[in-house]
**Q** 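I'd like to ask some things about the structure below.
On a predicted model such as this, the values are computed, not experimentally measured, just so you know.
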Amino acid sequence: MKAILVNNDKSLSWANVPDPAIKAEEVLVEIHAAALNRADLMQREGDYPPPPGCPEWMGLEVAGIITQMGEEAKAKSKWKIGDKVCALLGGGGYAEYVSVKYDMLMPVPENCTMTEAAAIPEAFATAYLKLFVEGHAKKGDTLLVQAGASGLASVVIPMAKAFGLRVITTVITDPASVAHLGADIVVDTRAESLPEVLKHEEIEGRAVDIAIDCLGGQNLGDCLPYVKYGCRWIVIAALAGVNTTIDLKNIYKKNIRIVGSTLRSRTPEMKAQILSELVKTIWPKIENGEIKPTIYKTLPITEAEEAHAILKRGENVGKVVLTVKE
């Protein structure tokens, strides 16, 4: 089969690799589409290696069709050959086929294309983890989501709104570009100070209960004085800088929780539990149209270089997806 490999000069090539060999608890998925994540860019640069046992090539989420099944997968799951599935991977999605443990699969939602389904597993599982496992989100909470034009925010914002949260997000582009996501407040940080906005919200009795922050940097420390007592500030990346200054007195007086969180570092058992919860609680909202994957652009797998460039330039609002098989 073929997969996207990273060459010595960090360029990408669609090259021959060995076919996957499935284990007893795995199925073989013929990949129709694979979605991009910023972690792919980090892996390409050598900063985010795949877990042991995973293929060396990138790709954390795919959609496709089951073509083979191991004996344990047949005995312990309800999957069958020919099922349309989307899958959460440790790596290996930029390819024609991938072997996946049966509990890392979810059915393709009824009203979704393969392209849309490929954009679900990593982003939706991450959103669910941050909102409900780390953030303990409930109806009426105020959520801050940094980088509203990102692929993750394109999932987090509609998911939070579907469960009755009030949402504040930030952009460094035209706020109208994320209007379709339904955030209550969009802060253009080129012209507005996020700490000042949060200060106003606190004065008005609408302080932030949960923050999902992929930026970090000094803004993190500057915002913390204005969050609600018991706020959960969840740090998932530090794209704006790894250092900040925090008033520790404010932290313990307000009982603020600063939580570092990544999905990739979770145990397989934890990931399987999250996927199971997604199908139970989120799938009905996808299938009735309350939540829908936002696709910015679709490109053939052979144009992975350009797909990565879109993410590097930060021009996408929503997910970029590679098509492998029509």
**Q** Please report the shortest heavy-atom distance between A147 and A153, naming the atom on each side.
**A** O-CB, 3.3 Å
**Q** Treating Ile, Leu, Val, Met, Phe, Trp and Tyr as nodes and any side-chain heavy-atom pair under 4.5 angstrom as an edge, say whether L88 and I291 lie in one connected cluster.
**A**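 Cluster IDs for L88 and I291 match.
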**Q** Donor-acceptor pair, D83 side chain versus V85 backbone, under 3.5 Å?
**A**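 Absent.
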**Q** Tell me, do W14 and I301 make a side-chain contact under 4.5 Å, heavy atoms counted?
**A** yes
**Q** Hey, is the main chain of Y102 close enough, under 3.5 Å, to the side chain of W79 for a donor-acceptor pair?
**A**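 Yes, W79 side chain to Y102 backbone: donor-acceptor pair under 3.5 Å.
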**Q** Charged N to carboxylate O under 4.0 angstrom, E201 versus R206?
**A** yes
**Q** Given the rule that I, L, V, M, F, W and Y join up when any side-chain heavy atoms are under 4.5 Å apart, are L194 and I258 in one cluster?
**A** yes
**Q** For E196, what residues pass the salt bridge (charged side-chain N to carboxylate O under 4.0 Å, His left out) criterion, not counting sequence neighbours?
**A**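 Checked E196 against salt bridge (charged side-chain N to carboxylate O under 4.0 Å, His left out); zero matches.
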**Q** Mind running salt bridge (charged side-chain N to carboxylate O under 4.0 Å, His left out) on E134 and R266 for me, showing each step along the way?
**A** CA-CA 13 Å; E134 306 282 23; R266 302 292 166 144; 2.3 Å; yes
**Q** Which one of I168, T169, V171 satisfies the side-chain contact (heavy atoms from CB on, under 4.5 Å) criterion with V187?
**A** I168
**Q** Can you find a heavy atom in the side chain of V227 that is under 4.5 Å from one in the side chain of E202?
**A** no
**Q** Is the backbone N or O of V145 less than 3.5 Å from a side-chain atom of D213, with the two atoms forming a donor-acceptor pair by type?
**A**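 Flag not set: sc D213 to bb V145 has no pair under 3.5 Å.
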**Q** Looking at every non-hydrogen atom in both residues, tell me the closest pair between G90 and L60 and how far apart they are.
**A** O-CD2, 3.6 Å
**Q** Take atom CD of E45 as the centre, draw a 6.0 Å sphere, and report whether it contains more than 12 heavy atoms from other residues, nucleotides or ligands.
**A** yes
**Q** Is it true that E71 and K74 have a side-chain N and a carboxylate O under 4.0 angstrom from each other?
**A**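 Result for this pair is yes, salt bridge flagged.
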**Q** Could you give all pairs that pass the side chain to side chain donor-acceptor pair (under 3.5 Å) test and reach residues 221-232, with sequence neighbours left out?
**A**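 Passing the test, one end in residues 221-232: D209-K228, Q218-D222.
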**Q** Determine whether a donor-acceptor pair (N or O, by modelled atom type, separation under 3.5 Å) exists between the side chain of N7 and the backbone of D9.
**A**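 Not confirmed, N7 side chain does not pair with D9 backbone.
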**Q** Please answer whether the main-chain N or O of D184 pairs with a side-chain N or O of R166 as donor and acceptor at a distance below 3.5 Å.
**A** no
**Q** Under 3.5 Å, is there a donor-acceptor pair between the T67 and E30 side chains?
**A** no
**Q** Under a 4.0 Å N-O cut-off, is there an ion pair linking R44 with E305?
**A** yes
**Q** Do L215 and L220 come within less than 4.5 Å of each other through their side chains, counting heavy atoms only?
**A**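 Result no, sub-4.5 Å side-chain heavy-atom pair not found.
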**Q** Between CD1 of I282 and CD1 of I274, what distance do you get to the nearest 0.5 Å?
**A** 12.0 Å
**Q** Could you state the interatomic distance from CG (L131) to CZ (F124), rounded to the nearest 0.5 Å?
**A**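 The CZ atom of F124 is 11.5 Å from CG of L131, to the nearest 0.5 Å.
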**Q** Check whether L311 and V178 end up in the same hydrophobic cluster, where Ile, Leu, Val, Met, Phe, Trp and Tyr are linked by side-chain heavy atoms less than 4.5 Å apart.
**A** yes
**Q** Evaluate the criterion side chain to side chain contact (heavy atoms under 4.5 Å, CB included) for residue pair K84 and M114; output intermediate values, then yes/no.
**A** CA-CA 8 Å; K84 294 181 179 181; M114 286 291 196; 3.8 Å; yes
**Q** Could you tell me whether the side chain of K297 reaches within less than 4.5 Å of the side chain of N316, counting heavy atoms only?
**A**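 The answer is no; the side chains never approach within 4.5 Å.
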**Q** State which residues pass side chain to side chain donor-acceptor pair (under 3.5 Å) with R313; sequence neighbours excluded, sorted by chain then number.
**A** E306, E315
**Q** When clusters are formed from ILVMFWY side-chain contacts under 4.5 Å, directly or step by step, what else is grouped with L5?
**A**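 For the cluster that includes L5, the remaining residues are M1, V17, I22, L28, W57, Y97.
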**Q** Under 3.5 Å, is there a donor-acceptor pair linking the side chains of Y94 and D40?
**A** yes
**Q** Looking just at side-chain N and O atoms, do R264 and Q43 make a donor-acceptor pair shorter than 3.5 Å?
**A** yes
**Q** Got a salt bridge between D247 and K249, using NZ or NE/NH1/NH2 to carboxylate O under 4.0 Å?
**A**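 Judged by the 4.0 Å cut-off on N to carboxylate O distance, D247 and K249 do not form a salt bridge.
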**Q** Does the pair E96 and K325 meet the rule for a salt bridge (charged side-chain N to carboxylate O under 4.0 Å, His left out), with working shown?
**A** CA-CA 8 Å; E96 293 180 302; K325 185 178 177 64; over 6 Å; no
**Q** Would you compute the distance between atom CE of M159 and atom NZ of K285 and round it to the nearest 0.5 angstrom?
**A** 10.5 Å
**Q** Indicate yes or no for a side-chain donor-acceptor contact from E303 to the backbone of L299 under 3.5 Å, with no hydrogens or angles considered.
**A**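 No.
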**Q** Quick check: does any side chain N or O of Q68 sit under 3.5 Å from a backbone N or O of V27, one acting as donor and the other as acceptor?
**A** no
**Q** A272 and D103: which non-hydrogen atoms are nearest, and at how many Å?
**A** CB-OD2, 3.6 Å
**Q** Count I, L, V, M, F, W, Y as connected when their side-chain heavy atoms are under 4.5 Å apart, and connections chain through other members. Are V186 and I212 then in the same cluster?
**A** yes
**Q** When you measure from the side chain of T126 to the backbone N and O of A123, does any donor-acceptor pair fall under 3.5 Å?
**A** no
**Q** Answer with yes or no whether the hydrophobic clustering places V324 together with V108; edges join I, L, V, M, F, W, Y residues whose side-chain heavy atoms lie under 4.5 Å apart.
**A** no
**Q** Rounded to the nearest 0.5 Å, what separates atom CG in L263 from atom CD in E122?
**A** 5.0 Å
**Q** How far apart are the closest heavy atoms of A87 and V100, and which atoms are they?
**A**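 Heavy atoms only, the tightest pair is CB-CG1, 4.1 Å.
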**Q** Taking the side chain as everything from C-beta on, heavy atoms only, tell me whether P107 gets closer than 4.5 Å to V279.
**A**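 Yes - at least one pair of side-chain heavy atoms lies under 4.5 Å apart.
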**Q** Have Q273 and E277 got a donor and an acceptor in their side chains that come within less than 3.5 Å?
**A**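 Yes, side-chain donor-acceptor contact under 3.5 Å.
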**Q** Report yes or no: do K319 and N37 form a side-chain donor-acceptor pair below 3.5 Å?
**A**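 Indeed, the side chains of K319 and N37 share at least one donor-acceptor pair under 3.5 Å.
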**Q** Kindly compute the distance separating CD (E290) from CG (N288), expressed to the nearest 0.5 Å.
**A**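 Nearest 0.5 Å value for the CD-CG distance: 4.5 Å.
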**Q** Please report the shortest heavy-atom distance between A33 and A118, naming the atom on each side.
**A** O-CB, 3.5 Å
**Q** Measuring from atom OG of S77 to atom CE of M69, what distance do you get when rounded to the nearest 0.5 angstrom?
**A**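 Output value for this atom pair is 4.0 Å.
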**Q** Does some side-chain heavy atom of H308 sit less than 4.5 Å from a side-chain heavy atom of M58?
**A** yes
**Q** Can you establish whether the number of heavy atoms outside I172 located under 6.0 Å from its atom CD1 is more than 12?
**A** no
**Q** Return yes if a side-chain donor-acceptor contact under 3.5 Å exists between K130 and S261, otherwise no.
**A** yes
**Q** Could you tell me if the side chain of Y128 sits less than 4.5 Å from the side chain of T281, heavy atoms only?
**A** yes
**Q** Give the minimum heavy-atom separation between V317 and H180, together with the two atoms involved.
**A**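 Closest approach of V317 to H180, heavy atoms only: CG1-CE1, 3.9 Å.
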**Q** Determine whether K80 and I66 make a side-chain contact, defined as any pair of heavy atoms from C-beta on separated by less than 4.5 Å.
**A** no
**Q** Return a table of donor-acceptor pairs under 3.5 angstrom between the side chains of residues 135-144 and protein atoms on other chains or two or more places apart.
**A**
{"from": "K138", "atom 1": "NZ", "to": "D141", "atom 2": "OD1", "distance (Å)": "3.0"}
{"from": "D141", "atom 1": "OD2", "to": "K138", "atom 2": "N", "distance (Å)": "3.1"}

**Q** Output all residues satisfying side chain to side chain donor-acceptor pair (under 3.5 Å) with T302, sequence neighbours left out; order by chain, then residue number.
**A**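 Partners of T302 under the side chain to side chain donor-acceptor pair (under 3.5 Å) test: none.
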**Q** Do other residues, nucleotides or ligands put more than 12 heavy atoms under 6.0 Å from K161 NZ?
**A**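 Above 12, so yes.
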**Q** Output, in order, the C-alpha distance, side-chain angles, deciding distance and verdict of side chain to side chain contact (heavy atoms under 4.5 Å, CB included) for I234 and R257.
**A** CA-CA 8 Å; I234 303 162; R257 301 288 188 266; over 6 Å; no
